[in-house]
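Only heavy atoms go into these numbers, but all of them, side chains included; no hydrogens, no water, no symmetry mates.
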Amino acid sequence: QRGIWDGLLLMALISIDLAIINLLPIPALDGGHIMFLLIEKLRGRPVEEKTQEAFAKFGFLFLIGLMLLIVFNDVFALLTDKL
């Protein structure tokens, strides 16, 4: 019984965490799209497509860099027995 509830709680926490991360204003995520919609609403005209593409490329590179940093950190911790 307890294991089922612990598993459901873990799934709920992961879902909430994913939702919060997804709303960050990083251009490759939903928060980036919301950011551009808010900018468009404030300016009264859409943001240029070239600008959106440049921000999307930056966001994608940022996410890839973050993933590489995390993988490097995890592998380093495994190799130095700090995990």
Suppose we screen for side chain to side chain contact (heavy atoms under 4.5 Å, CB included). Which residues come up paired with [X], at least two apart in sequence or across chains?
| X | answer |
| --- | --- |
| Leu37 | Glu40 |
| Asn73 | none |
| Arg45 | Arg43 |

Sort and list the pairs that fulfil side-chain hydrogen bond (donor to acceptor under 3.5 Å, both in side chains) and have at least one residue in residues 21-31, not counting sequence neighbours. Asn22-Asp30

Using the side-chain hydrogen bond (donor to acceptor under 3.5 Å, both in side chains) rule, collect all pairs that involve residues 51-60, keeping only residues at least two apart or in two chains.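 Listed once each, the pairs would be none.
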
Which pairs would a plain distance check flag for residues 3-18, meaning a side-chain donor or acceptor within less than 3.5 Å of a matching protein atom at least two apart in sequence or in another chain?
unit_1 : atom_1 : unit_2 : atom_2 : d
Ser15  : OG     : Met11  : O      : 3.0

Which residue pairs pass the ring-ring contact (aromatic ring centres under 6.0 Å, His included) test with at least one member in [range], sequence neighbours excluded?
| range | answer |
| --- | --- |
| residues 43-63 | Phe36-Phe55 |
| residues 12-31 | none |
| residues 6-28 | none |

Check whether Ile26 and Ile64 end up in the same hydrophobic cluster, where Ile, Leu, Val, Met, Phe, Trp and Tyr are linked by side-chain heavy atoms less than 4.5 Å apart.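 They do not share one cluster, since no chain of ILVMFWY contacts under 4.5 Å joins Ile26 to Ile64.
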
Heavy-atom closest pair, residues Leu29 and Ile21: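 In terms of heavy atoms, the two residues are closest at CD1-O, 3.4 Å.
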
Clusters formed by hydrophobic residues whose side-chain heavy atoms approach within less than 4.5 Å: which one holds Ile34, and what are its other members? Leu23, Leu38

Whichever hydrophobic residues join Leu79 through chains of side-chain contacts under 4.5 Å: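 Members alongside Leu79: Val71, Val75.
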
